[in-house]
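What follows is a short report on a single structure.
Lettering follows sequence order; numbering is per chain, from 1.
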Protein chains: 2
Amino acid sequence: MSTLEDLTKSLKQAGLRLTPQRLAICKLLVETDSHPTAAMIYESIRAQYPSLSLTTVYNTLETLADLGVINVLGHSGDNTVHYDANITPHVHLACIACHKIIDVPSLHVAFLNDDISAVSGYKLLGARLIYYGLCPSCQKRNYQ
Amino acid sequence: MSTLEDLTKSLKQAGLRLTPQRLAICKLLVETDSHPTAAMIYESIRAQYPSLSLTTVYNTLETLADLGVINVLGHSGDNTVHYDANITPHVHLACIACHKIIDVPSLHVAFLNDDISAVSGYKLLGARLIYYGLCPSCQKRNYQ
DNA sequence: TATCTAGTTATAATCATTACAAATTTGGAA
DNA sequence: TTCCAAATTTGTAATGATTATAACTAGATA
């Protein structure tokens with residue numbers, strides 16, 4: 001899990017400025033475990049920075065992803081991209097009913113990396129390991 | 001890997017018709033290993049069925065996904081959804097430069113399923129296990 | 001201060017996907 | 001066979017996430 005220092009340090013090391021907007025986005029990414037979308041980040045931060053532009057959110061997320069300090073997750077049926085400050089390989093669980101995405105606790109899959117790069121010759125940059133299904137509460141709701 | 005019979009049988013069992021459009025889409029999905037998008041499928045089949053509508057492609061893909069006989073892959077940086085008739089859990093490798101998606105050969109990850117459903121209580125319906133990076137030829141191209 | 005560059009903002013454009021209603025096709029009943 | 005209702009397809013328009021663009025702002029430097 002990346003810390004706020006990880007993100008800010010990598011911005012500085014790349015010669016980029018730590019603007020209030022970028023700092024707020026980094027803070028939110030590090031503090032949440034909800035794998036937010038650009039729109040969710042925008043809505044959260046707008047209260048403190050009313051002038052914030054959605055474009056800035058997208059730009060910052062792209063910058064952080066290019067630096068490799070956040071991960072870009074595919075969508076879970078809602079056609080929007082989710083972001084994750086946890087860049088260690090781990091499994092996500094997406095509920096197809098309520099569209100929440102959670103991490104699977106204590107399941108490390110780092111060993112997959114080695115297998116995959118050895119077999120394929122690819123230079124690996126990240127992973128999206130997403131299982132989808134019905135979370136316990138949506139299972140109940142469906143069978144009521 | 002689903003066969004053409006798997007797809008057509010599940011359509012019939014669900015009381016749905018096997019129209020020429022649906023048959024052509026199923027055939028293409030089963031015969032290709034390129035994880036096509038709706039647009040790619042549309043372009044491929046239009047030669048034989050000039051009246052084909054892109055809406056039909058989307059509808060058919062949604063139907064097959066709902067039946068659970070194809071998988072819906074998130075996008076690999078190109079903001080489009082890819083589809084896969086191989087519904088056994090396996091790892092995908094997406095190149096962030098040329099946007100091709102390949103399967104990682106001989107790497108079965110079925111054992112992950114059991115761990116995950118045991119730990120989480122989720123009812124699992126599918127998986128998208130995508131590693132992304134640079135394929136060998138795009139690595140060369142970048143360093144030229 | 002004047003200037004230069006990186007960053008932000010607002011707006012418009014793009015593009016994948018979905019919604020909708022009309023047209024067509026299908027399979028079954030008379 | 002003919003007709004009918006339902007399923008399916010089609011074309012068009014709407015939606016909504018993301019990206020492009022250009023004007024504006026702020027911070028650093030000379």
Open item on the list: Looking at every non-hydrogen atom in both residues, tell me the closest pair between A:Q139 and A:L134 and how far apart they are.
Closed with: NE2-O, 3.0 Å
Open item on the list: Using every non-hydrogen atom in the two residues, find where B:Q21 and B:L52 come nearest and quote the distance to one decimal.
Closed with: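 Nearest pair, atom of B:Q21 first, then B:L52: CG-CD1, 3.7 Å.
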Task: Nucleotide-resolved protein contact map, nucleotides 8-17 of chain D, B/S/- at heavy-atom distance under 4.0 Å - done: SSBBB----S
Rounded to the nearest Å, what distance is computed from the [atom1] atom of residue [X] to the [atom2] atom of nucleotide [N]?
| X | N | atom1 | atom2 | result |
| --- | --- | --- | --- | --- |
| B:K12 | C:dT26 | NZ | C1' | 15 Å |
| A:L54 | D:dT21 | CG | C1' | 16 Å |
| B:Y83 | C:dA16 | OH | P | 12 Å |
| A:L61 | C:dG7 | CG | C1' | 15 Å |
| A:L18 | D:dA28 | CG | P | 12 Å |

- [ ] Identify whether A:I25 and A:Y58 are in the same connected component of the hydrophobic contact network (ILVMFWY, side-chain heavy atoms under 4.5 Å).
- [x]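 Yes, one cluster joins them.
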Open item on the list: When you compare the side chain of B:N86 with that of B:S2, does any pair of heavy atoms fall below 4.5 Å?
Closed with: no
Open item on the list: Is there a side-chain contact between B:T19 and B:T56 in this structure, where contact means two heavy atoms from C-beta onward sitting under 4.5 Å apart?
Closed with: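 No - every pair of side-chain heavy atoms lies 4.5 Å or more apart.
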Open item on the list: What's the separation between atom OG1 in B:T32 and atom CG in B:D84, rounded to the nearest 0.5 Å?
Closed with: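 B:T32 atom OG1 to B:D84 atom CG measures 9.5 Å (nearest 0.5 Å).
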